[in-house]
Participant: 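Could you have a look at this structure, given as structure tokens, before my questions?
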Amino acid sequence: MVELGINAIEEKWRRYWEKEGIYSFNPKSKKKVYSIDTPPPTVSGEMHIGHACSYSQQDFIVRYKRMKGFEVFYPFGTDDNGLPTERLVEKRKGVKARDMSREKFIELCMEFLKEERPKYIQDWKNIGISCDWNILYSTIDSHSRRISQWSFLDLHKKKRVYRKDAPSMWCPECKTGVAQVEIKDKEVDSTFNDIVFKVEGKTLIIATTRPELLPACVAVFYHPSDKRYKKLKGKMAKVPLFDMEVPIMEDERADPEKGTGIVMCCTFGDQTDMEWQKAHNLSIKMAISEEGRMTELAGKYKGMSIKEARKNIINDLKEEGLLIKQEPIKHFVNVHERCGTPIEFIKSKQWFVKYLDLKKDMLKWGEELEWHPKFMKHRYDNWVKGLQWDWLISNQRYFGVPFPVWYCKKCDEPIIAEEKQLPVDPMKDKPFAKKCSKCGSSEFVPETDVLNTWFTSSMTPQLSTYLIKDKEVQKKIFPMDLRPQAHDIITFWLFNTMVKSRLHFGKNPWKHTAISGFVTLEGEKMSKSKGNVVRPREVIEKYGGDAVRYWASSSKLGEDINYQEKDVLSGKKFVVKMLNAANFVFMTSRFLKPDGNLEGAQESTKSDKILDNLKYEKKMPKILESDRLFLKELNKVITSTTEAFEDFNYSKAKLEADGFFWKTFADNYLEIVKYRIYNGTTEEKASAGYALYQGLLAILKMMAPFTPYITEEIYQQHFSKNEGKKSIHIEEWPIPLKIKENKTDDEVWDKLIEVMTLTRQKKSEAKKSVKVEIILSLPKKDLELLDKVLGDLKSVLNAREIRESKELEVEFV
RNA sequence: GGCCCCAUAGGCUAGUGGUUAGACCGGCUCGUUUACACCGAGCAUGCGGCAGUUCGAUUCUGCCUGGGGCCACCA
């Protein structure tokens with residue numbers, strides 16, 4: 001007696017697949033390559049159910065392609081550089097990056113990853129993702145650093161990167177630069193203050209929520225069509241409290257409806273202020289420091305926090321009679337998602353990728369990509385059309401890929417590393433150049449910024465492809481066939497990868513993109529802050545990886561899927577049913593008897609009497625009519641499932657294959673042949689046996705992309721010795737069997753099922769057992785139609801006799 | 001403010017210019033124990049609203065309503 005639970009079965013095959021290299025990419029293969037740009041998940045401790053879902057969905061497609069005969073290149077990577085890792089390490093280790101040396105912190109991050117990464121990757125293995133785990137990268141390893149830095153070098157050569165003193169988003173609380181993804185909207189209470197400016201001694205009232213920015217005021221704007229202020233054009237306005245005058249200018253971005261219709265521009269209160277600064281070439285005044293305190297510019301308010309300064313300035317304005325009105329309002333501001341502090345714009349030297357000039361091309365590139373589903377392209381187009389800034393790629397952080405750059409200590413000229421010295425750490429390494437090409441100085445200072453994490457992850461096609469050393473093979477892999485990902489990062493990952501690939505290689509990185517939806521719980525997006533998260537580890541533990549995948553296959557590509565535990569339970573039911581059906585087909589002694597906790601498969605000894613084990617016949621024996629009709633139905637479902645897969649419509653494929661298995665195969669066909677299996681002649685058994693064998697094998701193959709574990713279990717148990725493959729997952733995708741056809745086949749099969757259903761109905765209405773013996777009467781035309789299957793019909797309905805009458809009648813014996 | 005997606009039984013969903021609109025979970029009525037009670041058979045319940053196109057609309061178009069999302073703005 002061997003106790004065999006579902007988790008143990010899955011574990012067993014997972015090990016087997018790795019040991020046998022079932023999913024290994026063979027660079028020497030003659031087959032056509034199908035390559036996937038697998039999303040590298042951010043190492044975050046534990047897999048999210050959304051990951052489980054979207055990686056399963058891409059895996060369905062990949063497994064199908066593999067069975068279709070492609071040499072599949074399916075790498076895996078983890079995205080573990082940058083802020084998310086820093087935060088996780090800070091949280092787990094209870095440290096603050098800024099309280100320790102940079103070196104020490106980086107060391108801590110690396111240690112943490114070494115520990116955590118394998119555990120994290122295991123989650124992906126557990127849901128049966130069929131990656132080649134030997135083609136593995138991390139976005140912080142030296143391989144990735146080299147490629148990321150090469151990307152910078154190449155873009156520099158192509159004059160696509162530049163360094164500029166520019167404002168960027170900054171969190172004064174965390175004292176760090178902040179990326180756009182880390183920003184969220186928050187509604188806050190604020191006050192609209194009507195403040196008095198003076199123009200030639202006359203009062204000009206301007207409304208603002210940020211009076212503390214008065215010292216940074218550089219201009220005053222009104223809308224060109226605003227007649228109230230037209231007369232002020234070209235004049236100067238005196239800023240209250242601060243002894244300075246600023247020009248009054250026209251700009252369409254000023255909204256006549258808002259406040260008093262005239263607005264002060266302070267560098268940098270918000271994005272519009274930055275636009276104005278640029279558009280009108282205004283001077284730059286920084287009233288707030290990186291520490292979040294008022295600068296010298298603020299005079300007597302210097303050193304105060306933003307809040308303190310606001311309070312004090314308002315009091316002073318009041319005292320001097322320069323504050324006319326205060327109105328409490330609620331409005332949305334951008335805040336740092338971590339601490340909820342409103343974002344400031346702080347001017348600093350940053351690196352950018354120049355791409356705003358390419359917007360038209362970007363739209364064309366998107367056009368050349370095949371989107372699944374199509375409508376997801378709108379997100380991309382929308383984003384491109386709305387682009388207003390070049391791509392900021394430098395971050396003032398610690399744990400990331402360093403810029404391969406030094407600066408001349410004397411003249412600040414950048415010195416770029418050379419390709420052969422990559423990967424390079426400018427804080428440890430020296431540039432090859434001995435002297436500054438501009439001023440001849442030989443003293444250099446390293447760049448301490450790191451490349452933004454998207455700068456590296458936008459190189460994933462190269463991060464994986466370059467792990468294969470053979471250049472000829474690389475050409476077969478890239479451009480890649482498929483980029484699967486979720487829709488939330490179209491504007492980041494997909495877009496940036498597209499840009500990089502175009503700038504570096506002049507071509508799209510992939511042919512297709514498959515965009516998956518989100519997992520919701522009771523209709524709402526899952527998120528930690530809402531507390532409505534489901535942990536896949538627990539779900540897998542309880543129901544198995546196959547069951548989770550089965551659930552994930554029920555939603556269409558691109559559509560959100562609602563998580564319901566009972567849907568995962570359905571997956572587990574499928575697994576059990578499958579095993580039991582195989583058990584019947586082969587009449588093996590192995591018997592799965594699930595107990596309450598769904599643990600159990602066990603060997604039992606109930607073998608003896610049950611007919612001969614199914615004998616494998618490669619050649620088709622003489623096929624009886626109902627078996628032939630069943631195989632025709634099988635052919636139909638093979639065709640439709642294949643078509644669905646070709647269209648990336650895995651959910652339809654699963655629906656068809658699963659429905660065929662449960663209804664046609666298990667509930668109907670098995671019942672039809674049961675009597676023959678137990679009591680038939682050799683010929684009758686052989687015919688049924690052949691159809692059962694081929695039917696089950698095709699079902700297993702069609703379901704293999706969805707439930708890889710149980711299909712492998714059954715394949716190994718019963719089929720591999722005949723079929724000769726090491727795994728069902730490198731089997732050939734089924735094709736319709738060659739069998740004779742008659743015009744009336746569909747009609748006969750449908751009639752057969754109809755008569756079965758109606759008879760069962762009569763029995764049910766009479767509250768009799770389905771097995772009760774009857775005398776069945778059928779109209780003449782039905783009898784003629786069913787002529788060749790009457791024997792099976794009799795046995796499946798337990799009819800003593802089938803007679804002719806006007807309509808279907810059931811008489812109980 | 002711009003754009004995108006969705007709307008089918010109590011819940012979650014499939015699907016179609018003419019169909020008895022199909023599953024699953026749940027409900028109800030039964031049955032079964034020689035593959036399977038995580039089973040089998042049967043029953044009941046459904047196309048958000050208004051207009052248009054059409055011989056015919058749940059399906060196509062427009063608007064409305066409701067839900068979800070992306071982007072922008074937020075003096």
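Throughout, protein chains are lettered first and strands after them, A, B, ... in sequence-line order, and every chain is numbered starting at 1. What's counted below: heavy atoms across the whole structure, side chains too, no hydrogens, waters or symmetry copies.
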Participant: The side chain of Asn382(A) is closest to which nucleotide in this list: G2(B), A75(B), A14(B)?
Facilitator: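 Shortest atom-to-atom distance from the side chain points to G2(B).
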
Participant: Picking from C71(B), C73(B), C24(B), which would you name as closest to the side chain of Lys663(A)?
Facilitator: C24(B)

Participant: Are Tyr693(A) and His718(A) near enough that their ring centres are under 6.0 Å apart?
Facilitator: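 Tyr693(A) vs His718(A): aromatic centres not under 6.0 Å.
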
Participant: NA contact type, Phe221(A), heavy-atom cut-off 4.0 Å: base, sugar-phosphate, or nothing?
Facilitator: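 It contacts nothing in the nucleic acid.
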
Participant: Answer with base, sugar-phosphate or nothing: what part of the nucleic acid does Ile561(A) contact at a heavy-atom distance below 4.0 Å?
Facilitator: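 No contact.
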
Participant: Between C5(B), C73(B), G11(B), spot the one nearest the side chain of Lys566(A), thanks.
Facilitator: G11(B)

Participant: Please state how far atom CD1 in Ile515(A) lies from atom C1' in C5(B), giving the value in whole angstrom units.
Facilitator: 14 Å

Participant: What's the spacing between Asp270(A) CG and Glu344(A) CD if we round to 0.5 Å?
Facilitator: 10.0 Å

Participant: Between Ser554(A) and U13(B), does any side-chain N or O lie under 4.0 Å from OP1 or OP2?
Facilitator: no

Participant: Establish whether the base of C39(B) is bridged to the side chain of Asn580(A) by a donor-acceptor pair shorter than 3.5 Å.
Facilitator: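 Looking at the base of C39(B), it does not pair with any donor or acceptor on the side chain of Asn580(A) (distance under 3.5 Å).
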
Participant: Whole angstroms only, please: what is the CD1-C1' distance between Ile677(A) and U34(B)?
Facilitator: 13 Å

Participant: Looking at His331(A), I'd like to know whether one of its side-chain N or O atoms comes within less than 4.0 Å of OP1 or OP2 on A75(B).
Facilitator: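 Indeed, a polar side-chain atom of His331(A) lies that close.
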
Participant: Partner of U53(B) by Watson-Crick or G-U wobble geometry, both contacts under 3.5 Å, or none?
Facilitator: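 Partner of U53(B): none.
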
Participant: Rounding to an integer number of Å, can you tell me how far Gln271(A) CD sits from G1(B) P?
Facilitator: 21 Å

Participant: How would you label the contact of Lys556(A) with the nucleic acid (heavy atoms, under 4.0 Å): base, sugar-phosphate, or nothing?
Facilitator: sugar-phosphate

Participant: For Lys767(A), which contact category applies under a 4.0 Å heavy-atom criterion: base, sugar-phosphate, or nothing?
Facilitator: sugar-phosphate

Participant: Using a heavy-atom cut-off of 4.0 Å across all strands, would you classify Phe332(A) as base, sugar-phosphate, or nothing?
Facilitator: base

Participant: Evaluate the side chain to side chain donor-acceptor pair (under 3.5 Å) criterion for residues Asn193(A) and Thr208(A): first the C-alpha distance (whole Å), next the side-chain angles of each, then the deciding distance (0.1 Å), finally the verdict.
Facilitator: CA-CA 5 Å; Asn193(A) 304 286; Thr208(A) 181; over 6 Å; no

Participant: Taking the six-membered ring for Trp, are Tyr550(A) and Phe706(A) ring centroids under 6.0 Å apart?
Facilitator: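 No, ring centres 6.0 Å or more apart.
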
Participant: Please confirm whether Lys674(A) makes a cation-pi placement over Phe584(A), using NZ or CZ under 6.0 Å from the six-membered ring centre and within 45° of the ring normal.
Facilitator: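 Yes, Lys674(A) sits over the ring of Phe584(A).
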
Participant: Are any of Lys577(A)'s side-chain N or O atoms less than 4.0 Å away from OP1 or OP2 of G40(B)?
Facilitator: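 Checking G40(B) against Lys577(A), a side-chain N or O does come within under 4.0 Å of OP1 or OP2.
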
Participant: Given atom CD of Gln564(A) and atom P of C25(B), what is their separation to the nearest angstrom?
Facilitator: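 Interatomic distance, CD of Gln564(A) to P of C25(B): 12 Å.
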
Participant: Who is the Watson-Crick or G-U wobble partner of U34(B), with both distances under 3.5 Å?
Facilitator: none

Participant: Base, sugar-phosphate, or nothing: which does Asp381(A) touch, judged by heavy atoms less than 4.0 Å apart?
Facilitator: nothing

Participant: Any base atoms under 4.0 Å from Asp255(A), or only sugar-phosphate, or nothing? Heavy atoms, all strands.
Facilitator: base

Participant: My understanding is that a pair needs two contacts under 3.5 Å, Watson-Crick or G-U wobble. By that rule, which nucleotide pairs with A23(B)?
Facilitator: none

Participant: Picking from C71(B), A14(B), C36(B), which would you name as closest to the side chain of Thr491(A)?
Facilitator: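 For the Thr491(A) side chain, the nearest candidate turns out to be C71(B).
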
Participant: Do any side-chain nitrogens or oxygens of Gln761(A) fall under 4.0 Å of OP1 or OP2 in C43(B)?
Facilitator: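 Answer is yes, contact under 4.0 Å.
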
Participant: Just N and O in the side chain of Trp662(A): are any of them under 4.0 Å from OP1 or OP2 of G40(B)?
Facilitator: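 Answer is yes, contact under 4.0 Å.
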
Participant: Is the Phe495(A) ring parallel, tilted or perpendicular to the Tyr355(A) ring (thresholds 30°, 60°)?
Facilitator: perpendicular

Participant: Determine whether the aromatic ring centres of residues Phe586(A) and Phe719(A) are separated by less than 6.0 angstrom.
Facilitator: yes

Participant: C3(B), A75(B), G31(B): which one has an atom nearest the side-chain heavy atoms of Ser769(A)?
Facilitator: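 Of the candidates, G31(B) comes closest.
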
Participant: Sort out the partner of G1(B) for me: Watson-Crick or G-U wobble, both distances under 3.5 Å, none otherwise.
Facilitator: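 Answer to the pairing question: C71(B), which forms a Watson-Crick or G-U pair with G1(B).
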
Participant: Is the distance from OP1 or OP2 of C25(B) to the nearest side-chain N or O of Lys573(A) less than 4.0 Å?
Facilitator: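 For Lys573(A), the contact criterion (side-chain N or O under 4.0 Å from OP1 or OP2 of C25(B)) is met.
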
Participant: As a test of reading the structure: which of A41(B), C24(B), C71(B) is closest to the side chain of Ser570(A), going by heavy atoms?
Facilitator: C24(B)

Participant: Ser651(A) near the nucleic acid: base, sugar-phosphate alone, or nothing, with a heavy-atom cut-off under 4.0 Å?
Facilitator: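 Here Ser651(A) touches no strand at all.
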
